[in-house]
Number of protein chains: 2
Amino acid sequence: MSKRITIKDIAKMSGVGVGTVSRVLNGGSVKPETRKVVMNAIKKLGYTPNVSARRLAGGKTMSILVLTPEIRTEFHWRLLESIDKTLDALDYQTVIYPVISQNRYNRLFNSNLFYEFDGVILCTLTYKKMFKKTPDFPVLILEDCEDKHDCVFLDNYYGGVLAAETLLERNIRNLYALYYDETSPLLSNENIIKRLEGFKDRLKEEDISFETDQLINADFFYGRPHERIIQILKTVERPGIFATTDNFAMNVLETAATLGKVPGKDFFIVGYDNQTWTERLELTTIKQPIEEMGEMASKLIVERIKNPELPVRHVKFQPSILRRKSA
Amino acid sequence: MSKRITIKDIAKMSGVGVGTVSRVLNGGSVKPETRKVVMNAIKKLGYTPNVSARRLAGGKTMSILVLTPEIRTEFHWRLLESIDKTLDALDYQTVIYPVISQNRYNRLFNSNLFYEFDGVILCTLTYKKMFKKTPDFPVLILEDCEDKHDCVFLDNYYGGVLAAETLLERNIRNLYALYYDETSPLLSNENIIKRLEGFKDRLKEEDISFETDQLINADFFYGRPHERIIQILKTVERPGIFATTDNFAMNVLETAATLGKVPGKDFFIVGYDNQTWTERLELTTIKQPIEEMGEMASKLIVERIKNPELPVRHVKFQPSILRRKSA
DNA sequence: CTGAAAGCGCTTACAG
DNA sequence: CTGAAAGCGCTTACAG
């Protein structure tokens, strides 16, 4: 809209051809002195390349599309921040496309959007629900796993194991688990299922039975104390609860506080996610290396872009337990 | 990445020049029959224009940048959905840029991004905190107000008035209000302040005093029942609470349920936002015409783009009260 | 109403 | 190491 500074302005000011400017921009071989002159001109004029022209010229677009269903949960914004920062350091621009509805999903697939980027990071979306056929562009899958693509994910199963061990060490035997059973067209609750499996398997190893009635569906948790939880807190002795998400744990903590029950004394609870508020409320929870995962994802997709022939890599991160007062 | 279909392919298939194809695409004058032939070719080949080329060619980019701090609260996704849908119908592409951090904010302003769009919608972000100087491109402000730009916003003051009236009609005199006092670099809580003002002014009209201790800062609400709320619910007779956000109301409802207090009988509460869950919990709340606002915003920005000389327009929407059992 | 051509800002062989 | 030139896919006056 206002007159933009182009590569030509830089070339003129530096007394070189546009090709040379382009080369310093893209890391071609340029005499160090020339590079310096050009860099100065760029800085002085505050030049930034026109992404559209770049795309069109068929070079790299130096930008990566991140598909995410969410941006504001702590998990997501930390992940996105980390991706953003890492990619920026690698000279890539991060464009976030929020897949918040079927509509947005459709528009994405009816557009050319994918081809305007060097690669795509699938953040927290289920691969199979997103892509009906294998995409012909680089895709990095974050928090899901698929043979044909690079993946970065957390060992959710192990997170469940950790939760079980933490409660067992406290010699707690009246165990419960909170999960939810949502079916969404784009998301799956597979991660939560895995946490649960890890939890149950670890109990099985100790010959501790875990029956259906110990598994509590928490899908109607919002805005209402859970009657089952009230009952458990009131009647069960030293109950131990594995909340497969900190959100569920928060609800339990609220209810318990209102009932005057003290976590770590009257009942025990382990959350999952290490959300910010958990420290203040002293919730024992499973921690994920969020920033490291975002960084790894960013690096892998860039490597893939630069070298499509690379073998497929799957990187699994291990969660850890953050012991606080609640268990 | 895969071979893309271009305007040339369409031209060849239709037996016309690329200019003509471009004209049918952009609504230039084309003979109806020619148009039909071209449209058929487009459909058959599944052609969609290359946005980058379009931008570069200096025509309209037919895409609008939406800046938002959030995508997943009900309010935001409904707003974004509505914008997306409306703009799509007007042949515009919606690109959402999540401003989730100072980092993302900086990158936005250090890039050319603004100039790759026909216009910008500022969704729920404080204008003055976003722009230090008046932007030289079309900006539509949603949920804030500024003289120089088109704005679409809700009459939050009136929302507060409605809340007061609803409680007064029930002849409730022990009144409280829940608000929060957050200072964020990009957001402001001005809307909540206005709701509160409307509430208090309406009380003043009835000569009902409202003291500082009736105003409850709810910023530490998450994960913990609010002691003040417990006290009020336990000791005050027929208390009436205005929750300036449904989220706060949810917290109160939870606490009350645990205490065995019945909304609409033991206490009264009015929320704000009409979030999905409020219906199920029968919360009386203030409703905003979200879809209408998104639609209006989209239409105004497009009109502005097409005619920059248009006088500035400010559109104020009125909230309404949704009476349910809680008040 | 329509075709041919210039130009948008960049990248990348191609020569040198 | 570097300049000149072609080309990316489109739009838009310019002729006709």
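Sequence lines set the chain letters: A, B, ... in the order given, protein chains first and strands last, and positions in each chain run from 1.
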Looking only at the side chain of A:A57 (C-beta and beyond, no hydrogens), which of the listed nucleotides C:dG7, D:dC1, D:dC8 gets closest? D:dC8
A:L25 has an atom CG; how far is it from atom P of C:dC10, in whole Å? 8 Å
Between B:L56 (CG) and D:dC10 (P), how many Å, whole number?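 Answer to the nearest Å: 12 Å.
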Mind checking what makes side chain to side chain donor-acceptor pair (under 3.5 Å) contact with A:N191, not counting sequence neighbours? A:N156
Sequence neighbours excluded - salt bridge (Lys or Arg N to Asp or Glu O under 4.0 Å) pairs with any residue from residues 104-115 of chain B: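 Non-adjacent pairs meeting salt bridge (Lys or Arg N to Asp or Glu O under 4.0 Å): A:D84-B:R104, A:D84-B:R107, A:D88-B:R107.
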Not counting sequence neighbours, which residues clear side chain to side chain contact (heavy atoms under 4.5 Å, CB included) with B:V18? List them please. B:I7, B:K8, B:A11
Answer with base, sugar-phosphate or nothing: what part of the nucleic acid does B:T6 contact at a heavy-atom distance below 4.0 Å? sugar-phosphate
Taking the ring centre of each residue, are B:F137 and B:F117 less than 6.0 Å apart?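 They do not qualify: ring centres at least 6.0 Å apart.
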So salt bridge (Lys or Arg N to Asp or Glu O under 4.0 Å) across residues 20-35 of chain A, not counting sequence neighbours, yields none
Sequence-distant partners of B:D150, salt bridge (charged side-chain N to carboxylate O under 4.0 Å, His left out), two or more places apart: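 Residues passing salt bridge (charged side-chain N to carboxylate O under 4.0 Å, His left out) with B:D150: B:R304, B:R313.
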For A:S52, side chain to side chain donor-acceptor pair (under 3.5 Å) partners two or more places apart: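 For A:S52 the side chain to side chain donor-acceptor pair (under 3.5 Å) partners, ignoring immediate neighbours, are B:R55.
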Within residues 12-23 of chain B, residues whose heavy atoms come under 4.0 Å of DNA chain D: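 Hits under 4.0 Å, by residue number: B:G19, B:S22, B:R23.
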Between D:dC10 and D:dC14, how far apart are the two P atoms, rounded to whole Å? 23 Å
Check the distance between D:dG3's P and A:I7's CD1 and give it to me in whole angstrom.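 Spelled out: CD1 on A:I7 to P on D:dG3 is 12 Å.
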Send over the distance from A:N26 CG to C:dG9 C1', rounded to a whole Å.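 That distance rounds to 13 Å.
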Which parts of residues 45-53 of chain B get close to DNA chain D, meaning a heavy atom less than 4.0 angstrom away?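 Close to the strand are B:Y47, B:P49, B:N50, B:A53.
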Using whole Å, what does the distance between atom C1' of nucleotide C:dG3 and atom NZ of B:K31 come to? 14 Å
Expressed in angstrom and rounded to an integer, what is the separation of B:R54 atom CZ from D:dC8 atom C1'? 16 Å
As a test of your reading of the structure, name each stem of DNA chain D as range with range, where a stem is three or more consecutive Watson-Crick or G-U pairs at under 3.5 Å.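 DNA chain D stems, ordered by first number: C:1-3 with D:14-16, C:5-12 with D:5-12, C:14-16 with D:1-3.
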Tell me every residue that passes side chain to side chain donor-acceptor pair (under 3.5 Å) with B:E190, counting only those two or more places apart in sequence or in another chain. none
Checking B:N40 now: which residues fulfil side chain to side chain donor-acceptor pair (under 3.5 Å) with it, not counting sequence neighbours? none
Using atom NZ of B:K8 as one end and atom P of C:dG3 as the other, report the distance to the nearest whole Å.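 Rounding to the nearest Å, NZ of B:K8 and P of C:dG3 are 16 Å apart.
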OP1 or OP2 of C:dT2 sitting under 4.0 Å from any side-chain N/O of B:S29? no
Gap between atoms CZ and C1', on B:R35 and C:dT2 respectively (whole Å):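 Whole-Å distance recorded here is 13 Å.
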Any idea how B:H149 and B:Y127 line up, ring-wise: parallel (<30°), tilted (30 to 60°), or perpendicular (>60°)? tilted
Name the orientation class of the two ring planes belonging to B:F114 and B:F131 (parallel below 30°, tilted from 30 to 60°, perpendicular beyond 60°). tilted
For B:E143, what residues pass the salt bridge (charged side-chain N to carboxylate O under 4.0 Å, His left out) criterion, not counting sequence neighbours?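 For B:E143 there are no salt bridge (charged side-chain N to carboxylate O under 4.0 Å, His left out) partners, ignoring immediate neighbours.
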